[in-house]
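Below is one structure, written out as structure tokens; the observations come after it.
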Amino acid sequence: MNVWLVGSRGMLGQAVEEQLQRREIEYFASNSEINITDIDSVQDFLAGCELDWIINCAAYTAVDKCEDEQEYAYRVNALGPHNLSSIAAQKGASLVQISTDYVFDGTKQGEYFEDDIPNPLSVYGRTKLQGEKFISNNMKEFIIIRTAWLYGHSGQNFVYTMLKLMNQRQEIQVVNDQYGNPTYAPDLAEAIINMISCYQPVYGIFHFSGSGECTWYDFAREIYRQGRDFGLISNECAIQAVSSTQFLQKAPRPQNSRLSKNKIADSHLVTIPQWDKSLKRFMLQERK
Ligand SMILES: NC(=O)c1ccc[n+]([C@@H]2O[C@H](COP(=O)([O-])OP(=O)(O)OC[C@H]3O[C@@H](n4cnc5c(N)ncnc54)[C@H](OP(=O)(O)O)[C@@H]3O)[C@@H](O)[C@H]2O)c1
């Protein structure tokens, strides 16, 4: 099996690369030096190359900045997947695309299923949804995985931000009216590699996030509790619950990001760890 990992320097890309190496899967990797918005340079890069899978972890993920940079967000999040899926189809390869809970408006009561009607609230969500649509128009052998509240061992993510603030401040405020499932990047990376390594892959749109649900406030409290236990937080910090109306951000966020994992669980190819257990593995790794 030969894999092209796109976006290997990103938070998820690094976790996927680690899995590819651990499983001794043949792969090559790139980042923005092979610009996925430029189909000619992608064609040149892949000239003469045999390919079984493309895993696309590249995206423009700065959700608030996307509101001001709509054209750029569209190019990376929609046109990029369009180009990759056209090329995958030409080469007879399959494609894994990572998408987001932000394709939904968050007004549903309960978990979102794969066939619930998307209604993105933000430019980021709209451009990611357009990317999904291009892929499903261009090819059949694709796996789109929507995930949410992703954190890992690199980049700017909620857990790193909390650990930093909790070590610096006596009090922080965290939103307590948005619900979701924290997702540890190495868990998602393992799921991706399991899905592409099986003899008969199952294609389509899937949801994957940590098991169990919480608000950002609950998540922050657990980070604080475990951070203190693991010696990653030495400061005493009070965590105050606030409503999202007190914490305005440029791009609106869905109130409800809970994703149903029934469909991906039915494939029997992945494990879906409880979010607080995954957080513990994150802490252990950070402590090393
Ligand atoms: N982060 C979250 O909370 C979250 C939640 C739900 C879904 N997702 C989705 O999960 C996926 C991974 O997210 P992440 O947080 O790991 O991303 P990330 O850390 O922001 O990494 C983005 C990657 O994309 C590459 N890239 C950006 N523009 C490119 C271009 N034009 N051509 C080629 N590569 C380009 C970057 O390369 P350089 O390093 O060279 O710039 C980097 O490797 C994305 O699809 C994202 O939409 C993320």
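Positions are given from 1, in the same order as the sequence printed here. All ligand and atom numbering here is 1-based and tracks the order in the structure. Because the structure is predicted, anything quoted here is derived from the model rather than measured.
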Evaluate [X] for polar contact with ligand 1, using N/O atom pairs at a separation under 3.5 Å.
X     : result
Thr37 : no
Asn56 : no
Arg9  : yes
Glu33 : no
Ser8  : no
Ile98 : yes
Asn35 : yes
Gly13 : no
Ile36 : yes
Gly10 : yes

- Heavy-atom proximity to atom 22 (C) of ligand 1, best of Ala59, Gly7, Ala148, Pro182: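 Looking at heavy atoms only, Ala59 sits closest to atom 22 (C) of ligand 1.
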
- Query: Taking atom 46 (C) of ligand 1 as the point of reference, which of Tyr124, Tyr151, Tyr60, Phe158 owns the nearest heavy atom?
  - Reply: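 Nearest heavy atom to atom 46 (C) of ligand 1 lies in Tyr124.
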
State the atoms of ligand 1, each with its element, that fall below the 4.0 Å cut-off from a heavy-atom position in [X].
X      : answer
Ser99  : 7 (C)
Ile34  : 32 (N), 33 (C)
Thr100 : 6 (C), 7 (C)

Sub-4.0 Å heavy-atom contact, [X] with ligand 1:
X      : answer
Asn77  : no
Ala185 : no
Gly80  : no

- Item | ring pair (Phe, Tyr, Trp, His ring centres under 6.0 Å) partner of Phe158, the single match among Phe219, Tyr151, Trp275 |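 Of Phe219, Tyr151, Trp275, ring pair (Phe, Tyr, Trp, His ring centres under 6.0 Å) with Phe158 is met by Phe219 alone.
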
- Cation over ring, Arg258 on Tyr179, under 6.0 Å and within 45°?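 Arg258 over Tyr179 ring: yes.
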
How far is [atom] from its nearest protein heavy atom, and which residue and atom name does that atom have?
atom                    : result
atom 12 (C) of ligand 1 : Cys57 O, 3.5 Å
atom 5 (C) of ligand 1  : Leu150 CB, 4.0 Å
atom 41 (O) of ligand 1 : Ser32 OG, 3.4 Å
atom 13 (O) of ligand 1 : Thr61 CG2, 3.8 Å

- Message: Could you check whether atom 36 (C) of ligand 1 has a protein contact, counting only heavy atoms that fall below 4.0 angstrom?
- Response: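 It does not; no protein heavy atom is within 4.0 Å.
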
- Query: Would you say the side-chain atoms of Tyr160 and Glu286 include a donor-acceptor pair closer than 3.5 Å?
  - Reply: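 The answer is yes; a qualifying pair exists.
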
- Donor-acceptor side-chain pairing of Glu18 and Gln14 below 3.5 angstrom: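 Side chains of Glu18 and Gln14: no pair found under 3.5 Å.
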
- Message: Once side-chain hydrogen bond (donor to acceptor under 3.5 Å, both in side chains) is applied, do any residues pair with Trp4, and if so which ones, sequence neighbours excluded?
- Response: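 Scan of Trp4 (side-chain hydrogen bond (donor to acceptor under 3.5 Å, both in side chains), adjacent residues dropped) gives Ser30.
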
- Query: Under 3.5 Å, side chain of Asn256 to main-chain N/O of Thr107, donor-acceptor pair present?
  - Reply: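 Absent.
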
- Pick one: which of Glu111, Lys261, Arg146 meets side chain to side chain donor-acceptor pair (under 3.5 Å) with His207?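 That would be Arg146; it is the only one of Glu111, Lys261, Arg146 passing the side chain to side chain donor-acceptor pair (under 3.5 Å) with His207.
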
- Side-chain contact, heavy-atom cut-off 4.5 Å: Asn56 with Ile98?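 Not in contact.
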
